[in-house]
Amino acid sequence: MSDLQARTRYEPTEAEPRITERWLAAGLHHPEPEGTAADNYAIAIPPPNVTGALHMGHALNGAIQDTLIRWHRMRGKRAKWILGTDHAGIATQTQVEKLLKSEGTSREEVGRDEFTRRVWEWREQYGGTIVGQLRRLGASCDYDEERFTLDAAYHDAVLKVFVELFEQGLIYRDNYMVNWDPGSRSAISDLEVEDREVTDTLYEIAYPLSDGDGEVVVATVRPETLLADTAVAVNPDDERFAHLVGRTVVLPIVGRELTIIADEYVKTDFGTGCLKITPGHDPNDFEIGRKHGLDELSVIGEDGRMSADAGEYAGLSALEARERIVATLQEQGLLRGSEPYVHTVPFSHRSGERIEPLVSLQWFMRMDELAAPAIDVVRDGRVRIHPPTQSRRYVDWLENIRPWCVSRQLWWGHQIPVWYRGDAASGGEGETYVGMEPPPGEGWTRDPDVLDTWFSSALWPFATLGWPQDTPELRAFYPTDVLSTARDILFLWVARMVMMGLRFAGDVPFTDVYVHSVIQAPDGRRMSKSLGTGIDPLDVISGGPRPPVFAGTGAHPPHDPGEFPAYGADALRFGLLAMSSTQDVRFSEDRVQQGQQLANKLFNASRFVLLRVANAGIDPGDGAPVPDRVEDRWILSRLTAFQEETASLLDEFDFAKAALGLYDFVYGELCDWYLELIKSREVDAALGATLVHVIRETLVTAHPFIPFVTEELWSHLPAADDTLLAGTQATPADPSLRDPAAEEAIAAVITSVQELRGWRDAAGVKPGASIPARLRSDMGEEALALVARLARLEWADDGEVAGTVTVPGGTIEILASELVDPAELARKRDARAGDLRKEIARAEGKLGNEGFVAKAPEAVVAAEREKLERLQAELAELGTE
RNA sequence: GGGCGCUUAGCUCAGCUGGCUAGAGCACCUCGCUUACAACGAGGGGGCCGGGGGUUCGAGUCCCUCAGCGCCCACCA
């Protein structure tokens, strides 16, 4: 209590680490695996990359998930927040390759085993960073059972799924066009590709007809792929070229004969209307080639250079080959034109290199059979997506799903459980074995490829719980309840978890998907390290440089963005929740500041109550409220409403409204009014009990949002002993505490006081002065006393009326005194009269409208009449002309 | 090329199924260090709710259209 006495300000940096220690020591974050999923509450965290650091998206999602976890834990559920990290194949491998490069070596040089060892070493060193940062945020994840997507048990689950899908015919090996990333020397998925706009040159090249009877001209930005052309295509409806279909042309430089085919895909109004077909190096041409049974030639290798099949160009980079080929064409007089051409081109999200579409032998997963049930569960509501507009995107995507290339030519990841003998590895004659264990016998070699990271992520909600073993964890927590994530991985990850969960764990992996905002930089750009627009959540929590992105937004001076004050984790959590919505939103430091102010306000309100109660020598007992007076009944009613509202908003995943509702209750009802209303009262046992009850219940309801400050204050409550608020069971809001009469009475007090204060201010009355007034209102005695005190009125019987203030239930006449400035008063009165006349005219117009009176609902008409009467009465009271 | 969304006070945003004398936080102005909080409190100013048209007794809220911005999906050489 003494430290409460001394400190007038809540210091998050002092309190938060201390409180984190208490939480961890108590072990509340780790529930025993008992009961069934229906009794319990679980969320699987989207596993951050093991090498990653906490960014604003993690912080928002952490705040969301922790609010839900704490809320349900306090409602008596065993609440488990499944924690872990993702091995993140390409991202991690790239990091370690960079490290090796800085040491003057490479992964090829050190070899696969050593390289893998180095990655594990790296993981040991950096893997804990993000988990520590989550702890700093106050996230009550199950730190006792941290998973990793490369754990031995997890690895078994991954292999088992692969083998079973293979046995079920859903996984197969095929030559197919993939997005080849020359940077990481691996196939990557469509989802790891980003389109960038580049300026290329569009060349027009003549292909002479074999019979010498003219030529066709094709347009291309990649002349070097000409070496692998196997056809030329025109649109079947294109009359210009109809006579050419079926004839052949001579491929320049190479001399091969190509047939002119007809395909709908070719646009008649683009380029020359003739399209060179290169099935080996262009995804569209690949499709056309398959349709027409064309050869798939390849002249570019996996290193992005021209391959041996490119003949004299072998070994050149694609770009060099292009220049040489263009030059040759020019010499041969076959170049018909060239012009700059701006278009979008795929780049690897990871390595940043331009994607080289290549045909290669890869492992694929057939998705249609898996997708159908995943669509059904969203359609029939077994999985609910919030906001619901996202479910259409989900369904659309699944309905158009294509085979998934699951093999990656990396060393870091789950190595594919496939062995070859003979020439099977390269697609030739031989044996292929798929199984969890190496096959018996000699001469087998294992497929060197690993699985796409998302393959293992897709198993996350059940593999983390011990599947395929029938573990108590699995029984207690699967299916989980909520999956919270940003939009960008709805397909990449969420849809795949649903498919895998249904197929292997026998049920949906979660019942609700919450798709949260993307937090943009304050200027509306993406938050990104490379743009310098990123804001480190830890800097906001503990204080740190404010990035230059704040410059020019109006929030801060353009030159020196300065530093963030140490807002604390509560403030950041509150701010992020308050600014989030279903839209993308700009990061708002003001919202964070609002959270800081809320924490401080709550601290001081609690301090006020606890010190008062202590000074009065009251033992509030168990804190059961004893509502003596109207304002006590009012605050209990409002508290109950606030609790009910918070519960339903959280059920609807409306975190912004819930957070702002908390702020409004604490400021707008508890502090601004209730504590002011009771200030003059002597604290007796009844009032003490009510006050402590209200504070306690407020802390309980606020805790999931701002866990630190509430936990800190909880320890100061009279009955506190050593129990943690985080582990306290909230009792449901008691509807019998709702009291409409008290609400109406205090609402009248509040508007009266506000009116009177406004009047005083306008009339130039000193804030501290009490002024004589006479009452002509039927407001009850109790309420009137409150109004008089808060508006500083002294009831008097006679005196000249200086001004009239309309209040609910009547009017209050302010009597003339030297405290009232008549000139100010007249100005105020005239202004009010003007407003009233305007509003009266509007209401009269409305009520004079036959259509309104006849067609609008009765209640609306009645309300309008009542309003009109009220305004007219007020105008009459003012006594102006 | 399709699809979705946004445009409300100086800034960041609320406004659900149409009834609003249009709200909040921050910023701004005035007053106040009244023993919970001056990183605070009280009061105040500030908005033809992007433009145009329509439906309706009534539109910030519904429909059409134009303009600007953003996101997602897609194979235009």
Side-chain angles (χ1 to χ4, degrees), chain A residues 4 8-10 190 195 202-203 218-222 225 233 265-267 269-278 282-288 341 343-344 346 357 389-390 392-393 396-397 400 487-488 490-491 518 520 522 524 553-555 565 575 578-579 581-591 593-594 596-597 600-612 656-657 660 663-664 667-668 671-672 675-676 679 753-754 757-762 764 766-768 790 792 835-836 838-840 842-843 846 849-857 859-861 863-864 867 871:
Chain A
L4 257 195
T8 63
R9 190 160 175 78
Y10 172 64
D190 286 347
D195 286 327
L202 183 64
Y203 297 95
V218 300
T220 181
V221 292
R222 303 201 59 192
T225 64
Y265 169 77
V266 183
K267 303 278 180 294
D269 56 355
F270 188 87
T272 59
C274 297
L275 180 60
K276 68 192 267 304
I277 302 296
T278 321
D282 183 281
N284 310 314
D285 294 5
F286 179 79
E287 297 286 335
I288 294 170
Y341 180 63
H343 63 149
T344 57
T389 49
Q390 296 296 332
R392 218 188 96 187
R393 292 181 59 228
D396 282 354
W397 187 78
N400 297 305
R487 245 191 342 265
D488 52 352
L490 191 61
F491 309 141
V518 173
Q520 301 169 330
T553 56
M579 74 182 87
S581 76
T582 55
Q583 287 289 122
D584 290 354
V585 291
R586 297 177 181 204
F587 181 80
S588 162
E589 187 177 348
D590 287 340
R591 286 296 188 208
Q593 198 187 351
Q594 200 180 342
Q596 181 197 30
Q597 288 168 340
N600 188 240
K601 194 74 174 173
L602 205 50
F603 180 83
N604 277 295
S606 303
R607 178 171 169 263
F608 171 69
V609 165
L610 297 176
L611 291 177
R612 279 246 172 166
K657 267 195 199 155
L660 293 169
Y663 181 93
D664 286 343
Y667 266 77
C671 294
D672 289 352
L675 296 184
E676 295 301 326
K679 244 178 195 172
V753 171
Q754 283 171 332
R757 280 177 181 162
W759 188 94
R760 288 173 59 113
D761 193 66
K766 292 252 185 300
L790 292 188
R792 292 179 190 265
D835 288 349
L836 284 172
K838 229 162 68 186
E839 202 44 40
I840 285 168
R842 185 203 294 262
K846 226 172 176 179
N849 181 334
E850 281 175 32
F852 176 71
V853 179
K855 295 191 185 173
V860 174
V861 178
E864 199 64 29
K867 185 172 93 183
L871 297 174

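The structure presented is a predicted model; accordingly, all values stated were derived computationally and were not measured.
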### Query
Can you find a donor-acceptor pair, distance only, under 3.5 Å between Y265(A) side chain and C76(B) base?
no
### Task
Go through the structure and list residues passing ring-ring contact (aromatic ring centres under 6.0 Å, His included) with F852(A), not counting sequence neighbours.
none
## Note on the structure
Residue set satisfying side chain to side chain donor-acceptor pair (under 3.5 Å) with R757(A), at least two apart, ordered chain then number -> none
### Query
In whole Å, what separates the C1' atom of G52(B) from that of G41(B)?
47 Å
### Message
Test of understanding: with side chain to side chain contact (heavy atoms under 4.5 Å, CB included), list the residues that count as partners of S581(A), not counting sequence neighbours.
### Response
S517(A), Q583(A), V585(A)
Could I get a table of every N or O pair under 3.5 Å where one atom is in the protein and the other is in nucleotides 5-8 of chain B?
residue, atom, partner, partner atom, Å
G5(B), O2', Q583(A), OE1, 2.5
G5(B), O2', Q583(A), NE2, 2.9

#### Entry: Those residues that, when tested against F608(A), pass ring-ring contact (aromatic ring centres under 6.0 Å, His included) (two or more places apart)
none
### Query
For Y10(A), which residues count as a ring-ring contact (aromatic ring centres under 6.0 Å, His included) partner, sequence neighbours excluded?
F603(A)
#### Entry: Partners meeting side chain to side chain contact (heavy atoms under 4.5 Å, CB included) with A578(A) (sequence neighbours left out)
F574(A), R591(A), A659(A), L660(A)
What N/O pairs connect the protein and nucleotides 31-34 of chain B at under 3.5 Å? Give each pair on its own line.
none

### Query
Listed by chain and number, what are the side chain to side chain contact (heavy atoms under 4.5 Å, CB included) partners of R586(A), not counting sequence neighbours?
Q520(A)
### Task
Go through the structure and list residues passing side chain to side chain contact (heavy atoms under 4.5 Å, CB included) with V218(A), not counting sequence neighbours.
I205(A), Y207(A), V232(A), C274(A), K276(A)
### Sequence-aligned protein contact record of nucleotides 16-26 of chain B, with B where the base is within under 4.0 Å of a protein heavy atom and S where only the sugar-phosphate is
---B-B--BSS
## Note on the structure
Parsed dot-bracket for RNA chain B after applying the Watson-Crick and G-U rules with both distances under 3.5 Å and | for other-strand partners is (((((((..((((.....[...)))).(((((.......))))).....(((((..]....))))))))))))....
